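None of these values were measured; they are calculated from a predicted model. In what follows, chains are A, B, ... by sequence order, proteins preceding strands, each numbered from 1.
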Amino acid sequence: MDIGQSIVTWFESQGRDLPWRDTRDPYRIWIAEVILQQTRIAQGIKYFYRFVERFPDVQTLASAHQDEVLKYWEGLGYYSRARNLHAAAKQVVEKYEGKFPQHYTELQKLRGIGPYTARAIGSFAFGNQTGVIDGNVLRVMSRVLGDFSPVNQQSTRKKFQEIIDQWVKNVDSRNFNNGIMDIGSVVCTPTQPGCLICPLLDHCKGYKEGMVHLLPFKEKKTDRKIKHYHFYLISNTRGEVVIRQRPAKGLWGGLWEIPNQKVSKEEWEEKKSRLAGEFFHQMKHVFTHFDMMINVFLVSPQEYDLKPAEQFISKDKIHIFAFSKAVLKIFDKWQNTD
DNA sequence: AAGTCGGGGTA
DNA sequence: TACCCAGACTT
């Protein structure tokens, strides 16, 4: 049996049943694929249900306000996904009359849809005969091929894309793509892979050569940096707190926050507020590319002059706005110490 | 090609 | 800690 058929056969008996697999609606498949970018299924599944319930079709999403779209994304991370999702919905409504293009080369022109997502929608919604390559597939392929090319390099992606397009040629692409991703996440796991129950064992050069535990090979990434910040909880006796909206792009783009500023490591370690107030709390917020060290201060509103973009909002209304997890943690700590 | 962009689970 | 997760966009 060739490898494509092995994957499809395995999927038909062992594949997982997921809520976006019982439809060919490109809209729902699109939403699921974007939510799952760099996100585990266990984390994304609740967001998927809530999102498609509130925005059941592309017209509803296109006509929504971005603030509400971000609210439904709150806590999920990579917020440009939500902004691009919103922009792409408008593209589909305005330029494609509400109907998704049916080929991945066209789909990839939409905001937030790259090589993986375009092929995923193309395959799952429209049956395009092309293979998808995500983190799971990179791992499976590098092991099956026994290939030590760095998987985080463009040339390797291109080579793997050509190979997987051959693998999928004579089988159902939906079952093939779902199957190879399931094998990656359930059997061919990063540590302790289940080689002895793997349907690709007979095809696996990495296993034959005893190299599975060394694959996939990645080039070392640059070391993470540390940045220091002061955050300010500015609240009055009426239980109101100062918030403001972040710029549309960049880190936490479009989300709301409490006033804060970057400070030097030395100033951060002194735990001394630049505004009149007292030290409240210390925490670390971890990003992919840096650690954010945070001091939180309680600041009295009498000595604080409100800037134009800032506003006092009562505590029982902050749930209307979308905040980053860092600010939500600060609010939570604050609430539980009152 | 390298850097930016979240948050959570796991060893 | 460090790595990984149904990656894409910017520079």
Side-chain angles (χ1 to χ4, degrees), chain A residues 15-16 18-21 28-48 70 73-85 87-88 107-124 131-140 150-158 164 174 176-186 188-193 213 216-227 246-255 257 284-292 322-329:
Chain A
R16 291 176 294 181
L18 299 170
W20 44 86
R21 283 183 173 172
R28 295 173 73 90
I29 292 167
W30 171 50
I31 301 300
E33 293 303 338
V34 174
I35 285 176
L36 293 173
Q37 287 169 8
Q38 293 293 287
T39 305
R40 293 172 184 282
I41 288 171
Q43 185 187 2
I45 199 159
K46 287 181 182 171
Y47 283 86
F48 173 76
L70 281 172
W73 213 267
E74 184 184 51
L76 192 56
Y78 285 146
Y79 298 93
S80 66
R81 291 184 295 176
R83 303 194 302 268
N84 289 335
L85 209 55
L107 287 160
Q108 201 170 332
K109 295 176 181 173
L110 298 170
R111 297 286 299 174
I113 297 186
Y116 165 78
T117 306
R119 287 178 170 81
I121 301 171
S123 169
F124 299 141
V132 303
I133 298 184
D134 70 336
N136 291 313
V137 175
L138 280 177
R139 183 170 57 255
V140 172
V151 293
N152 50 349
Q153 216 168 69
Q154 227 170 27
S155 53
T156 308
R157 298 284 289 243
K158 190 182 177 190
I164 197 175
R174 269 186 119 214
F176 173 88
N177 284 320
N178 279 322
I180 192 169
M181 286 193 287
D182 272 9
I183 290 168
S185 66
V186 176
C188 194
T189 50
T191 59
Q192 302 179 349
H213 64 292
F217 174 73
K218 292 184 182 175
E219 287 185 324
K220 61 178 186 296
K221 29 184 143 177
T222 57
D223 33 339
R224 294 148 43 80
K225 296 181 175 173
I226 302 175
K227 298 179 182 179
R246 293 181 61 84
K249 295 183 179 180
L251 188 71
W252 293 326
L255 295 188
E257 66 180 2
K284 180 169 81 169
H285 194 72
V286 179
F287 293 89
T288 304
H289 50 305
F290 71 94
D291 287 348
M292 182 182 277
F323 295 95
S324 68
K325 208 69 177 175
V327 174
L328 289 175
K329 282 179 192 167

Next on the checklist: Any base atoms under 4.0 Å from A:Trp30, or only sugar-phosphate, or nothing? Heavy atoms, all strands.
Outcome noted: nothing

Checklist outcome for this item: Comparing A:Thr288 with A:Gln37, nearest DNA chain C nucleotide closer to 5' gives the residue A:Thr288

Checklist outcome for this item: By nearest-heavy-atom nucleotide on DNA chain B, the more 5' of A:Lys325 and A:Lys227 is A:Lys227

Checklist entry - Looking across every strand, which nucleic acid part, if any, lies under 4.0 Å from A:Arg21 by heavy atom: base, sugar-phosphate, or nothing? => result base

Item to check | First of A:Gln192 and A:Arg40 reached from the 5' end of DNA chain B, by closest nucleotide | outcome: A:Arg40

Checklist entry - Which of these nucleotides, C:dA6, B:dG7, B:dC5, is closest to any side-chain atom of A:Asn136? => result C:dA6

Checklist entry - Are A:His285 and B:dG7 close enough that a side-chain N or O sits under 4.0 Å from OP1 or OP2? => result yes

Item to check | A:Leu18 to A:Ile41 - nearest heavy-atom pair and separation | outcome: CD1-CD1, 3.8 Å

Item to check | Rounded interatomic separation in angstrom, taking CG from A:Asp223 and P from B:dA2 | outcome: 14 Å

Next on the checklist: As a test of reading the structure: which of C:dA6, B:dG8, B:dA11 is closest to the side chain of A:Glu33, going by heavy atoms?
Outcome noted: C:dA6

Checklist outcome for this item: Side-chain atoms of A:His289 come closest, of B:dG7, B:dT4, C:dG7, to B:dT4

Next on the checklist: By the 4.0 Å heavy-atom rule, please label A:Gly75 as base, sugar-phosphate, or nothing.
Outcome noted: sugar-phosphate

Checklist entry - Does A:Arg81 get its side chain close enough to the base of B:dC5, under 3.5 Å, for a donor-acceptor pair? => result no

Just the atom pairs and distances: protein N or O near nucleotides 9-11 of chain C's N or O, under 3.5 Å.
residue	atom	partner	partner atom	Å
C:dC9	OP1	A:Gly112	N	2.5

Checklist entry - Side chain of A:Thr39, base of B:dG8: donor and acceptor closer than 3.5 Å? => result no

Item to check | Touch class at under 4.0 angstrom, heavy-atom based, for A:Gln154 against every strand present | outcome: sugar-phosphate

Checklist entry - With no angle test and no hydrogens, is the base of C:dA2 tied to the side chain of A:Arg224 by a donor-acceptor pair under 3.5 Å? => result no

Item to check | Side chains of A:Ser185 and A:Arg16, donor plus acceptor under 3.5 Å | outcome: yes

Checklist entry - Does A:Trp252 have a side-chain nitrogen or oxygen under 4.0 Å from the phosphate oxygens OP1 or OP2 of B:dT4? => result no

Checklist entry - Between B:dG7 and A:Tyr79, is there an OP1 or OP2 to side-chain N/O distance shorter than 4.0 Å? => result yes

Next on the checklist: From the set B:dG7, C:dA8, C:dC5, return the single nucleotide nearest to any side-chain atom of A:Phe287.
Outcome noted: B:dG7

Checklist entry - Any idea which of B:dG7, C:dA6, C:dA8 is nearest the A:Ile41 side chain? => result C:dA6

Checklist entry - Contact class for A:Lys218 (heavy atom, under 4.0 Å): base, sugar-phosphate, or nothing? => result sugar-phosphate

Next on the checklist: Is A:Lys46 close enough to B:dG7 that one of its side-chain N or O atoms is under 4.0 Å from OP1 or OP2 there?
Outcome noted: no

Checklist entry - Between the side-chain atoms of A:Thr117 and the base atoms of C:dG7, is any donor-acceptor pair under 3.5 Å? => result no

Next on the checklist: Heavy atoms only, 4.0 Å cut-off, all strands: where does A:Lys109 land among base, sugar-phosphate and nothing?
Outcome noted: nothing

Checklist entry - Quick one: which of C:dC5, B:dG7, C:dA8 gets closest to the side chain of A:Arg139? => result C:dC5

Checklist entry - At under 4.0 Å between heavy atoms, what does A:Leu328 touch on the DNA or RNA strands: base, sugar-phosphate, or nothing? => result nothing

